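Notes follow once the structure below has been shown.
Here the structure is a predicted model, which is why all the values come from computation and not from measurement.
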Amino acid sequence: MKALWKLAWIEVKLFAREPIAVIFSFAFPFFVLFIMASVFGNEIEQPEPGEEDPWRGVGPTDYYVPAYIGLVMTSIGVITLPMRITGYREQGVLRRFHAAGVPLAAVLGSQVLVSLGMMLIGTVVIAISSPIAYGTLGPQSPAETAAAFLLSALAFASIGIFLGSALPSGRSAQGAGLILFFVMMMVSGAGPPRGVLSSTMVTIGDTLPMTHVVLLLQGAWLDQGWDWSAFCVVAAFLVLPGALAWRLFRWG
């Protein structure tokens, strides 16, 4: 346990020295939220008879706030975390940890803790700034929102550990992470709302974790009920990638 907290503190200090990682993890979701809020506003629009409301009965910006909390998690889970693990492998850091007898649980656990901290900071800043800037709703069901956040954050941390364990290099982690990030952003409800996507894009989105994270967070944040279907999928993305990462992890 001591090794876990010590490594986590070191990771926090190292992350703070990487301004590009900080900017992408936190600033990019805010930038896109600003664009979406400027384009769509936050007035509730009544759909035409027989048409589905793509905004789930709330204003567009209210719809996007929990979606962009999911976007923060996605950026950390598929870009930042895999690049750190593969970078450590390429630099021989993991091999030195192994030679020093540092437990694998402490190495991976420290990465998870720091990632969760980064996701929490991004969530808190969005939750505070968006009502001030755009008059959006805060979390309408705080307990459910906290549970949805924790499960979703752990799921993306698990995905990040898996990608970092499976991918061979930092360059491949960067390329794969960026592709996954932008694909998920466009078909998971954080770009165009799912109600306006084609059936093919909706089907693709249904296979991706961010879709279900967004649905879970929106249901809790907007007090529209706990989405058990999304919960089960997000829980699967927590357990399965984590188990695979443990088997695939290489020290060098």
Side-chain angles (χ1 to χ4, degrees), residues 7-32 68 70-100 102-119 121-122 152-188 190-191 204-205 207-211 213 237-238 240-252:
L7 282 176
W9 177 238
I10 292 172
E11 290 297 328
V12 169
K13 293 188 287 186
L14 290 174
F15 181 77
R17 297 175 185 173
E18 298 180 1
I20 294 178
V22 174
I23 289 171
F24 192 87
S25 298
F26 298 133
F28 182 78
F30 283 102
F31 175 70
V32 181
Y68 282 105
L71 196 66
V72 171
M73 297 178 183
T74 304
S75 68
I76 293 170
V78 304
I79 299 175
T80 306
L81 184 51
M83 286 181 61
R84 293 195 70 80
I85 295 174
T86 53
Y88 280 177
R89 185 180 299 113
E90 288 181 312
Q91 297 162 16
V93 174
L94 295 180
R95 192 179 297 111
R96 290 195 288 272
F97 280 156
H98 188 50
V102 179
L104 178 58
V107 174
L108 298 183
S110 64
Q111 296 294 334
V112 170
L113 283 177
V114 174
S115 297
L116 292 180
M118 291 158 49
M119 294 174 191
I121 291 171
S152 300
L154 287 172
F156 267 113
S158 178
I159 291 167
I161 293 293
F162 165 71
L163 292 174
S165 300
L167 294 170
S169 66
R171 192 177 297 275
S172 63
Q174 182 182 41
L178 286 170
I179 291 172
L180 284 170
F181 177 82
F182 284 108
V183 168
M184 284 195 278
M185 175 181 167
M186 296 309 296
V187 301
S188 298
I204 294 172
T207 68
L208 299 172
M210 185 178 172
T211 298
V213 164
F237 274 107
L238 164 61
L240 295 178
L244 288 172
W246 196 265
R247 290 182 60 87
L248 296 173
F249 186 83
R250 295 174 291 108
W251 292 98

Answer yes or no: is there a side-chain heavy-atom contact under 4.5 Å between [X] and [Y]?
X      : Y      : result
Met185 : Val32  : yes
Trp246 : Ile161 : no
Phe156 : Ile76  : no
Arg84  : Val114 : no

Could you tell me the separation between the [atom1] atom of [X] and the [atom2] atom of [Y], rounded to the nearest 0.5 Å?
X      : Y      : atom1 : atom2 : value
Ser75  : Met119 : OG    : CE    : 8.0 Å
Phe249 : Arg89  : CZ    : CZ    : 6.0 Å
Phe162 : Leu81  : CZ    : CG    : 12.5 Å
Ile179 : Met184 : CD1   : CE    : 11.5 Å
Arg171 : Met83  : CZ    : CE    : 10.0 Å
Leu248 : Leu163 : CG    : CG    : 11.0 Å

Atom of [X], atom of [Y] and distance for their closest heavy-atom approach:
X      : Y      : value
Val112 : Ala157 : CG1-CB, 4.1 Å
Pro82  : Gly160 : CG-O, 3.7 Å
Val102 : Ala106 : CG1-CB, 4.2 Å
Gly70  : Val213 : CA-CG1, 4.2 Å
Ala190 : Leu71  : CB-CD1, 4.4 Å

Within the distance-only criterion (no hydrogens, no angle test), does the side chain of [X] pair as donor or acceptor with the backbone N or O of [Y] below 3.5 angstrom?
X      : Y      : answer
Ser172 : Leu167 : no
Ser115 : Gln111 : yes
Ser110 : Val107 : yes

Requested in this report: For the pair Tyr88 and Phe97, name the ring-plane relationship: parallel under 30°, tilted 30 to 60°, perpendicular over 60°.
Outcome: perpendicular

**Report entry** Greater than 12 external heavy atoms within 6.0 Å of Arg250's CZ
**Finding:** yes

